[in-house]
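Notes for the one structure printed next.
FYI, side chains are in, hydrogens and waters are out, and symmetry mates aren't considered; it's all heavy atoms of this structure. As the structure lists them, so they are numbered: ligands from 1, and atoms in each ligand from 1.
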Amino acid sequence: MNAIQIRTTGGPEVLQLADLPIPIPGPGQVLIRVEAIGVNFIEIYFRKGLYKATLPLTPGSEAAGTVEELGPGVAGFAAGDAVASVGILGSYAEYALVPASQLVKVPASVTPEQAAAAMLQGMTAHYLATSTFPLKAGDTALVHAGAGGVGLLLTQIASRIGARVITTVSTKEKAELALEAGASDAILYTEKDFETETKRLTGGKGVDVVYDSVGKTTFEGSLNCLRPRGLLALFGASSGPVPPFDLIQLSGKGSLFITRPTLWHYVATRAELEWRSGDVLGWAAKGELKLRTEFMYPLAEAAQAHTDLEARKTTGKILLEP
Ligand code: NDP
């Protein structure tokens, strides 16, 4: 089968097409025929070696497809089922293994592309808005990179709860997408100081929560945008990791809270995985969650997909087609 393999860490060029054997499902595992592969920022961290993995590595954890074969002891799935997962063991491939505990069924009206676009970023947006800082009507949130994969979904989910969403984006085109998704305002943080703008837009009050996936370049400003006792959910580092931070600053800035959440801890039980995936796939099926999937690349062009994601050229979801 065709698969992408990383033999050494480095730039996008280390994502090489390889001919690998189709894997055989072990106990508790399911073999899926992959139809759409979700590309996520975390694969850039693994590719660069910022996150450690054993090499050679077929990257990727997200995909949608069809059940091909069940390993010993697997119940609840059958060959031909439409499925998706964020726990795949190397999804940049034509076939991949996944623990049955990590697999969910996809409603008939949701395409593999939509499912692969909804799962990881959708469940991330879901846990941020419902569990990390459970938004309620009338709350105000600042969402950085509002036209990104997570950004567009988080903006839609927060808006449907009734929260006001202020976003930051790097271009006017991205601003339009964020506003379409339900944001009340889109600050061009490449041109204007987002801290000053956020304070102006909230009448000096500050926001209840900042959802910050950008990290290094936004962290300090994000803290300064919060109301007293507000919460910063730092969930990514698209611009680089945040340097060491003295916690005493949280006191001076208004008894603030910071958390560094990760999806895996919010889908740790089968019940939580089914709740979050059921919600996002259900909303996608009803057309209530709009998924942008115009950035689609052949599997062999995985390097180009990474290049474009890193260069801030993309909006919404990036997919690979096997
Ligand atoms: P995005 O589609 O949001 O892409 C990243 C965006 O970040 C860019 O489009 C860009 O938007 C913005 N950005 C700002 N500065 C930079 C920079 N220096 N280099 C690159 N991008 C920059 O990606 P995803 O939706 O896939 O993921 C967003 C972030 O969330 C990632 O950091 C990812 O690791 C994290 N994440 C965390 C999860 C968790 O559970 N903790 C789960 C899923 C994702 P603009 O051009 O508008 O500035």
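Comment: Glu176 does not engage Lys172 in a salt bridge, judged by the lack of any side-chain N to carboxylate O separation of less than 4.0 angstrom.
Closest heavy-atom contact between Asp139 and Pro134: OD2-O, 4.2 Å. Closest heavy-atom contact between Tyr211 and Ala129: OH-CA, 3.7 Å.
Taking only nitrogen or oxygen atoms, main chain and side chain alike, Asn40 does not reach within less than 3.5 Å of ligand 1. Between Gly316 and ligand 1, no pair of N/O atoms sits closer than 3.5 Å. At least one N or O atom of Gly149 sits closer than 3.5 Å to an N or O atom of ligand 1. Considering backbone and side-chain N/O atoms, Ser238 comes within less than 3.5 Å of an N/O atom of ligand 1. Annotation: Ser239 places no N or O atom under 3.5 Å from an N or O atom of ligand 1; distance criterion only. Residue Ala145 has no N or O atom closer than 3.5 Å to an N or O atom of ligand 1. Inclusion of Ile42 in the set of residues having an N or O under 3.5 Å from an N or O of ligand 1 is not warranted. The shortest N or O to N or O distance between Thr168 and ligand 1 is not under 3.5 Å.
With Thr262 contributing its side chain and His265 its backbone, the two residues share no donor-acceptor pair below 3.5 Å. Checking side-chain atoms of Ser61 against main-chain N and O of Ile88 turns up no donor-acceptor pair under 3.5 Å. Of the possible polar contacts, one joining the Ser239 side chain to the Thr217 backbone as a donor-acceptor pair under 3.5 Å is found. Remark: side-chain polar atoms of Lys105 are paired, donor with acceptor, to backbone N or O of Gly76 under 3.5 angstrom. Remark: the backbone N or O of Asn2 is paired with a side-chain donor or acceptor of Glu94 at under 3.5 angstrom. For Arg270 (side chain) and Ser101 (main-chain N/O), a donor-acceptor pair under 3.5 Å exists by modelled atom type.
Nearest to atom 35 (C) of ligand 1 by heavy-atom distance, out of Phe41, Phe235, Tyr51, Phe295, is Phe235. Between Arg312, Gln121, Glu173, it is Arg312 that holds the heavy atom closest to atom 10 (C) of ligand 1.
Distance CG/Leu142 to SG/Cys225: 5.5 Å, rounded to 0.5 Å. To the nearest 0.5 Å, atom CZ of residue Arg164 and atom CG of residue Leu135 are 13.5 Å apart. In this structure, CG in Leu291 is found 9.5 Å from CG in Leu319, a value given to the nearest 0.5 Å.
By the 4.0 Å heavy-atom criterion, Arg260 is counted among the residues contacting ligand 1. The closest approach between a heavy atom of Tyr45 and any atom of ligand 1 is below 4.0 Å. Ligand 1 is approached by Ala237 to a heavy-atom distance shorter than 4.0 Å. Residue contacts with ligand 1: Thr217 is excluded, as none of its non-hydrogen atoms falls under 4.0 Å. Ligand 1 lies less than 4.0 angstrom from a heavy atom belonging to Pro261. For Trp264, the closest heavy-atom approach to ligand 1 does not fall below 4.0 Å.
Under a 4.0 Å criterion applied to the non-hydrogen atoms of Tyr127, ligand 1 contributes the atoms 39 (C), 40 (O), 41 (N). Ligand 1 places these atoms under 4.0 Å from at least one heavy atom of Leu120: 42 (C), 43 (C). Against a heavy-atom cut-off of under 4.0 Å, Gly236 is close to the following atoms of ligand 1: 32 (O), 35 (C). Taking every heavy atom of Val214 and a limit of under 4.0 angstrom, the matching atoms of ligand 1 come to 14 (C), 15 (N). Less than 4.0 angstrom separates some heavy atom of Leu263 from each of these atoms of ligand 1: 39 (C), 40 (O). Using a 4.0 Å cut-off to heavy atoms of Glu310, the atoms of ligand 1 that qualify are 19 (N), 20 (C).
The protein non-hydrogen atom at the shortest distance from atom 4 (O) of ligand 1 is Leu309 CD1, 3.7 Å. Scanning the protein for heavy atoms near atom 48 (O) of ligand 1, the closest one is Tyr189 OH, 2.4 Å. In terms of protein heavy atoms, atom 3 (O) of ligand 1 is closest to Gly148 CA, 3.5 Å. Looking at atom 29 (C) of ligand 1, its nearest protein heavy atom turns out to be Ser213 CB, 3.4 Å. The protein heavy-atom contact nearest to atom 47 (O) of ligand 1 is Ser170 N, 3.1 Å. If you check which protein heavy atom lies closest to atom 42 (C) of ligand 1, you get Thr124 OG1, 3.2 Å. For atom 25 (O) of ligand 1, the closest heavy atom belonging to the protein is Val150 N, 2.8 Å. Looking from atom 11 (O) of ligand 1 to the surrounding protein, the closest heavy atom is Lys174 NZ, 3.6 Å.
In summary, the side chains of Tyr266 and Thr132 do present a donor paired with an acceptor at a separation below 3.5 Å, with no hydrogens or angles considered. Between Thr130 and Arg276, the side chains place a donor N or O and an acceptor N or O closer than 3.5 Å (distance only, hydrogens not considered). His144 and Ser213 share no donor-acceptor pair across their side chains, judged by distance under 3.5 Å alone.
Follow the hydrophobic side-chain contacts under 4.5 Å out from Val280 and you reach Leu273 in the same cluster. No chain of hydrophobic side-chain contacts below 4.5 Å, direct or via other Ile, Leu, Val, Met, Phe, Trp or Tyr residues, connects Val169 to Val150.
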